[in-house]
Amino acid sequence: LLVRKDSSDLAPWEWQAFNNQFLLVEKLVNLLLTNNKYKKVRMTRSTMVFNRLKEQILNDDKQLQRHYYQAIFGTNKKPVFTQQERTLYNTLRHAYYGGFNYLKKEVIGRELGAGIDLDINSLYPYVMSNFNFPVQSSMKRLPKAKFKRLKKEDLINNNFFAIFHLAIYKIKLKPNHYPTIPQKSNFIQNKRINRLDEINGGELYVSNFDFYYLLKNYNIRYEYVDGVMWTKMLKQPFKSFVDKNIKIKNEATLKHQKITRLLAKLNLNMCYGKFGQSPLFQTGVPFFNEDEQITEFEGKLTDSGYLRNVTLAIFITSIARHVLFSNIDKIINCSHCQFIYSDTDSIHFLIDDEFQQLTTAQICERLGINFDAVKLGAFKEERRFKAAKFLRNKGYVEILENGKIEVVISGLNEGACKVVAQQIKRHGLSYLTLDEPLLVPMWQVMRVPGGSLIRNRLVTINKSDISLKQQLL
């Protein structure tokens, strides 16, 4: 039953909006169940995607007469790792980091000139389709003597896979370089590295790809403590899965089949994450008041006991960072460009007067960057701006060459971003300031006993975060 808090009736357009949402969910679920072989599974997007990946690997094994399925997923009776290997598993997880984002501190709060945003077409699907990955069961200890014999080019060789445990005694970013130490870890209860002084005298676990950029961008004094390597590999094990979903996505785009396109896109972007899923998960324990209504949920940490093949997650993400960093370096090495910001699969940089006369395709050709609007793993032009201001990671505004104002601030929905854009149109980029927080109205859906409540709230935009001001409009 849909009613307002004051018991007044819903307007016809509100009923229509709810009806459209229900129809969309019904269509989506029907399509999932019709095309999904595994019907008795959790109805979550990631689980459905993961099961489609399993089905594709099984089919490939039969057609190509290979045995990749067990190497990737283990068996149904036991995980890839046994419980006795939990300590090793937890150690490996320290080398699993999420997406990279970095904003050059010298540009924070400044009004900037012309520049370009480049995005990589489907970064993670590209990595899964075009790179090799280690066979978990082939893992063995990496002796210190062998570590010392490694050359720099070995570290980014796609036939070599290793994780190094390092004791860090001194580390400092080299002049005109960018920090490549992952800032965010993708697992529960692990320390986050936000500042260099947090690892001085500490420890790091890094893949060989991350170690390459650690040596390249930092002056570092360290000691090799221990490590592991893998002696066997899977040759492009996910290529057919990625190719199949790319084809479905492209065909659905031409035929304007939005739901089919969405499902293919989810298959591409979500399949790798399950490999890094922690055995620890949060469960909600409900608390009831005197009227037997749920008043709050208390989080409880639960151990599923299932250890996934986190090795694949480690190398999918670290190779993706390698793809990103190798192209950032090309921009940094060009005197016509100034690298200012990156976020997982995008690069933002300023260009001088000479480069402003060129098309983005011509600029990428000069830089040696693969440029194509559609090709998997190539860069495409997301935006070309004439002015910009960056406040923090995931918080910036760019004024495009056609005058359109693009506002990207994590925590703000589309409507709130439009409000900010309107204010910038009136007052210019000076509207965005680091001196005092900005208040922006935003519609927000809040969970309440018995359903959801839509409220209009004031959102405070700070230079470091977004917080909700306890004030209703």
Side-chain angles (χ1 to χ4, degrees), residues 100-119 176 178-179 183 194-195 328 331-332 334-360 363 381-444 455-473:
F100 171 84
N101 62 68
Y102 166 71
L103 174 60
K104 195 173 182 180
K105 64 180 181 180
E106 291 83 1
V107 305
I108 296 176
R110 287 176 48 200
E111 293 190 19
L112 307 173
I116 299 174
D117 300 352
L118 293 179
D119 268 18
N176 301 319
Y178 56 97
Q183 293 182 327
N194 294 308
R195 302 185 309 273
I328 288 176
I331 293 170
I332 289 177
C334 177
S335 60
H336 300 285
C337 304
Q338 182 187 353
F339 167 63
I340 56 173
Y341 178 65
S342 177
D343 186 4
T344 304
D345 61 354
S346 66
I347 305 174
H348 303 233
F349 59 99
L350 304 179
I351 53 176
D352 65 9
D353 292 340
E354 181 179 334
F355 266 30
Q356 288 180 44
Q357 308 306 315
L358 304 177
T359 66
T360 302
I363 291 172
E381 179 189 303
E382 183 69 14
R383 302 182 196 93
R384 189 148 173 170
F385 56 88
K386 61 181 180 180
K389 180 179 274 192
F390 287 73
L391 298 181
R392 56 178 174 80
N393 289 334
K394 302 180 185 294
Y396 58 89
V397 173
E398 295 172 342
I399 301 177
L400 308 190
E401 292 180 340
N402 61 7
K404 184 180 178 182
I405 299 173
E406 288 286 345
V407 178
V408 179
I409 300 178
S410 60
L412 293 190
N413 61 23
E414 185 179 351
C417 286
K418 285 182 178 179
V419 172
V420 175
Q422 289 168 357
Q423 294 297 324
I424 292 172
K425 192 172 183 178
R426 292 173 189 163
H427 307 290
L429 286 170
S430 59
Y431 171 75
L432 289 178
T433 175
L434 297 176
D435 299 330
E436 57 185 41
L438 301 174
L439 297 180
V440 180
M442 184 175 80
W443 289 103
Q444 188 184 45
R455 291 180 174 181
N456 201 359
R457 284 182 170 247
L458 283 177
V459 177
T460 305
I461 307 175
N462 296 317
K463 63 180 178 180
S464 58
D465 64 355
I466 292 223
S467 57
L468 285 176
K469 190 176 179 65
Q470 297 301 314
Q471 180 179 353
L472 297 179
L473 296 181

Chemist: To the nearest 0.5 angstrom, please state how far the CZ atom of Arg383 sits from the OG atom of Ser346.
Modeler: 8.5 Å

Chemist: Take atom CD of Glu414 as the centre, draw a 6.0 Å sphere, and report whether it contains more than 12 heavy atoms from other residues, nucleotides or ligands.
Modeler: no

Chemist: Any side-chain heavy atom of Arg392 within less than 4.5 Å of one from Ser410?
Modeler: yes

Chemist: Search all heavy atoms of Tyr102 against all heavy atoms of Pro179 and return the closest pair with its distance.
Modeler: CE1-CD, 3.2 Å

Chemist: Has Asn402 got more than 12 heavy atoms of other residues, nucleotides or ligands less than 6.0 Å from its CG?
Modeler: yes

Chemist: Would you give the length of the straight line joining atom CD of Glu398 to atom CD1 of Ile424, rounded to the nearest 0.5 angstrom?
Modeler: 11.0 Å

Chemist: Just wondering, do Tyr178 and Ile332 contact through their side chains at under 4.5 Å, heavy atoms?
Modeler: yes

Chemist: List the atom of Tyr341, the atom of Asn393, and the distance in Å for their closest heavy-atom pair.
Modeler: CE1-OD1, 3.6 Å

Chemist: Enter the distance from Ile116:CD1 to Thr360:OG1 here, rounded to the nearest 0.5 Å.
Modeler: 4.0 Å

Chemist: To the nearest 0.5 Å, what is the distance between CD on Glu382 and CG on Asp117?
Modeler: 7.0 Å

Chemist: Given 3.5 Å as the limit, does a donor-acceptor pair link the side chain of Lys389 with the main chain of Leu429, or not?
Modeler: yes

Chemist: Any donor and acceptor pair, going by atom type alone, linking the side chain of Asp353 with main-chain N or O of Gln356 inside 3.5 Å?
Modeler: no

Chemist: Indicate the atoms forming the closest heavy-atom contact of His427 with Ser430, along with that distance.
Modeler: O-OG, 3.0 Å

Chemist: Does Phe355 reach the side chain of Cys334, with side-chain heavy atoms less than 4.5 Å apart?
Modeler: yes

Chemist: Testing the basics here: between Phe385 and Phe349, what is the closest heavy-atom pair and its distance to 0.1 Å?
Modeler: CZ-O, 4.2 Å

Chemist: Report the distance from atom OG of Ser342 to atom CG of Asn101, rounding to the nearest 0.5 Å.
Modeler: 8.0 Å

Chemist: Roughly how far, to the nearest 0.5 Å, is NZ of Lys425 from CD1 of Ile399?
Modeler: 11.0 Å

Chemist: If you define the side chain from C-beta out and look only at heavy atoms, does anything of Leu103 sit under 4.5 Å from His348?
Modeler: no

Chemist: The test is side-chain contact (heavy atoms from CB on, under 4.5 Å); show your working for Ile340 and Arg110 and say whether it passes.
Modeler: CA-CA 12 Å; Ile340 56 173; Arg110 287 176 48 200; over 6 Å; no

Chemist: When His336 is tested against each of Ile363, Asp352, Ile331 for side chain to side chain contact (heavy atoms under 4.5 Å, CB included), which residue passes?
Modeler: Asp352

Chemist: Taking all non-hydrogen atoms of both residues, which atom of Leu400 and which atom of Lys386 are closest, and how far apart?
Modeler: O-CE, 3.6 Å

Chemist: If you define the side chain from C-beta out and look only at heavy atoms, does anything of Arg384 sit under 4.5 Å from Ile351?
Modeler: yes

Chemist: Are any non-hydrogen side-chain atoms of Val107 and Gln338 less than 4.5 angstrom apart?
Modeler: yes

Chemist: Using every non-hydrogen atom in the two residues, find where Leu350 and Gly113 come nearest and quote the distance to one decimal.
Modeler: CD2-O, 3.9 Å

